[in-house]
2 protein chains.
Amino acid sequence: MKSNNTEAQYDASRYRTPDGYTSDIAVFTITSEQTKAYAPPKMVLKLMLIQRAEHDTEGNPNIESGKWALPGGFVTPEETACAAASRELEEEAGIAGIHLKQFGVYDQPGRDPRGWIISNAHYAIVPEYRLSERKASDDAVDVELFSVAELSEQVLAFDHKNIIQDALTHITRDLLQTTVAKQFLPEMFTYSELQAVLLTVTDDKAIQNDQAFARKIKSLPFIEAVKGQKTQRTSKLPTQLYRFIDAEVKQSIYTARH
Amino acid sequence: MKSNNTEAQYDASRYRTPDGYTSDIAVFTITSEQTKAYAPPKMVLKLMLIQRAEHDTEGNPNIESGKWALPGGFVTPEETACAAASRELEEEAGIAGIHLKQFGVYDQPGRDPRGWIISNAHYAIVPEYRLSERKASDDAVDVELFSVAELSEQVLAFDHKNIIQDALTHITRDLLQTTVAKQFLPEMFTYSELQAVLLTVTDDKAIQNDQAFARKIKSLPFIEAVKGQKTQRTSKLPTQLYRFIDAEVKQSIYTARH
DNA sequence: CTAATAGTGTCTGTTAGACACTATAGT
DNA sequence: ACTATAGTGTCTAACAGACACTATTAG
């Protein structure tokens, strides 16, 4: 290991220091298409990308311009990358107080032609209605939502294709193994709404099957039926509403069914 | 979002850049005490820490000296943090080719008195026998293994207490939800050896119960019995050996038993 | 009445959990 | 013979998966 010096004697020139530290954000949303009245929604998982402008605010040519990229920006020494991500989201899209999770660091030499730039990647879960006011900004000419299928056809800036792939892996795992699904749902939801969220990332037969899932939801320790609360937004038949409750979910591949 | 410039016009002074990028490693091992012959081992999960020296190689006082800390060091622009971790492990302890996983980034302002230093944290799984040659190095006066219980009594350098807490959370989850347990075990192992590994991080009744676990291991899709292979290292009775096989393990809290 | 979604009744096969029991081999 | 570990026999209750069926209500 290399030696460390004290604060006073610390000599930065002995080590090369990074040329930048950025925070990138994979903003996920689930779009609900109400195909017709009194029916469960068709849900699709989408990722928000920005198209990089030709020039920045000062008229200088922008690197990787024209390509689609994850939103993000430089982190300052007074904040964590997660705080920076939160700030960026608020500044750019007016979205505050949403679920953010760090999932990876990208530091492959040469990943950014501008120099040694370390990217700390997060994913965000934004309910669809909060994306309404999205807009282009300084160095983005366009902002758009892409489904997973559409993503693979796009040319993406830097190593964002890798980052997005990892983001998808992480959100899929988290949706199925934790209770983050609630971030996509209203406070109270029907079994078919939860089912639709999960089906955006899995094709598990037990989740696809309506009757099985309607039965299962009642025995999940981290979800409770809200007594007397019904809705007709997914069916003509008034339907039971559920909510997530705080309950520890621990699981092991050595004890589960296979 | 702040604007980006092209390579030519990139002006580093517009953004403050980090004062350093380090890679820290939580080196986990499981010590097996052979309490007596023909018995399963008693296993304990331990973490390797170094005690920071008073002075570095050049005789300058070392920061946070005397405190216990995670091994690690500065990352260079020609490598990823993971590669740096691997290099550090090899340089310091002569350990190569072991399981390494990135689990978190630490960038809280003020976490390191020397400046804006970002730490990329990894955990490593090292089988006990490979730690035999461990030694003190340049800026470590001592190297020692600590059990989880002992860790909470130690004064740790920087924010390493947090990092270690997160490392424990991650390795616990990975041991129970992935097949990394195999990194602690020989190629072929008995049910009681696997059981002992898992019991270092869980108190799950279904895993504690010998008969239940001996039955369960035979139906796990990612483990197979090795025909005709038996050992007497855990029992007088020749005992079936198992091995991990490559099998996708996907699971969801919405389909498992509770 | 029809169509669509929500939800139940019921059967079957599998498994978890518990407990008693057998099997083996070194000392 | 004793002891510690490995492993089986067997029962019960719970649950998954399948399929048929009922319930409700807007149009």
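Numbers restart at 1 for each chain; the letters A, B, ... are given by sequence-line order, proteins then strands.
- Judged purely by atom type and a 3.5 angstrom limit, A:T202 has no side-chain atom pairing as donor or acceptor with the backbone of A:L198.
- Across all strands, A:A39 comes closer than 4.0 Å only to sugar-phosphate atoms, never to a base (heavy-atom distances).
- Atom CZ in A:R233 sits roughly 11 Å away from atom P in C:dA6 (whole-Å rounding).
- The nearest whole Å value for the distance from the CD atom in A:Q208 to the P atom in D:dA18 is 11 Å.
- Side-chain atoms of A:Q177 never come within 3.5 Å of backbone atoms of A:D174 as a donor-acceptor pair (strictly under, hydrogens ignored).
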Checking side-chain contact (heavy atoms from CB on, under 4.5 Å) for the pair A:L49/A:L156: CA distance, chi angles, key distance, verdict?
CA-CA 9 Å; A:L49 293 179; A:L156 297 164; 3.7 Å; yes
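- A:Y254 and B:F244 have perpendicular rings, their planes meeting at more than 60° on a 0 to 90° scale where under 30° would count as parallel.
- Counting only N and O atoms by type, the side chains of B:Y106 and B:D166 include a donor and acceptor under 3.5 Å apart.
- Side-chain nitrogen and oxygen atoms of A:T234 include at least one within less than 4.0 Å of the OP1 or OP2 phosphate oxygen of C:dA6.
- Within the structure, every side-chain polar atom (N or O) of A:K36 is placed at least 4.0 Å from both OP1 and OP2 of D:dG27.
- Judged by distance alone, with hydrogens and angles left aside, B:R215 brings a side-chain donor or acceptor within reach of the base of D:dG9, the pair sitting under 3.5 Å.
- Here D:dG17 presents its P atom at 9 Å from CG of A:N209, a figure rounded to the nearest Å.
- Comparing atom distances between the B:Q211 side chain and each of D:dA26, C:dT27, C:dA20 picks out C:dA20 as nearest.
- Protein atom NE2 of B:H258 is 13 Å distant from nucleotide atom P of C:dG17, rounded to whole Å.
- When heavy atoms are screened at a 4.0 angstrom cut-off, A:Q240 is found touching the sugar-phosphate backbone but no base atom.
- Relative to the axis of its first five pairs, the axis of the last five pairs of the helix from C:dC1-D:dG27 to C:dT27-D:dA1 sits at 0°, rounded to 10 degrees.
- For the pair A:K218 NZ and D:dC15 P, the interatomic distance rounds to 13 Å; values are reported in whole Å.
- A:K230 comes within 4.0 angstrom of no nucleic acid atom, judged by non-hydrogen atoms across all strands.
- Defined by atom type and a distance below 3.5 Å, a donor-acceptor pair is present between the side-chain atoms of B:S119 and B:D24.
- Within the nucleic acid shown, A:S219 has no heavy atom closer than 4.0 Å to any nucleic acid atom.
- Nearest nucleotide to the side chain of A:L237, out of C:dC19, D:dT5, C:dA6: C:dA6.
- At distances below 3.5 Å, at least one donor-acceptor pair connects side-chain atoms of B:K161 with backbone N or O atoms of B:Q154.
- D:dG17 atom P lies 11 Å from atom CD1 of A:I207, rounded to whole Å.
- Screening A:T200, A:L175, A:L168 for a side-chain contact (heavy atoms from CB on, under 4.5 Å) with A:F28, the sole residue that qualifies is A:L168.
- With B:S219 contributing its side chain and B:K216 its backbone, the two residues share a donor-acceptor pair below 3.5 Å.
- Residue B:Q232 contributes atom CD, which lies 12 Å from atom P of D:dG7 at whole-angstrom precision.
- Along DNA chain D, the nucleotide nearest to A:A212 and the one nearest to B:P238 differ in position, and the one closer to the 5' end is contacted by B:P238.
- Of the residues in residues 188-206 of chain B, those placing a heavy atom less than 4.0 Å from an atom of DNA chain D are B:Y191, B:S192, in numerical order.
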Which is it for A:Y242 and A:F222 under the ring-ring contact (aromatic ring centres under 6.0 Å, His included) test, yes or no, and what are the steps along the way?
CA-CA 10 Å; A:Y242 297 86; A:F222 49 88; over 10 Å; no
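- What separates CG of A:L241 from C1' of C:dA6 is a distance of 13 Å, to the nearest Å.
- Close to C:dA23, at under 4.0 Å from its OP1 or OP2, lies no side-chain N or O of B:K236.
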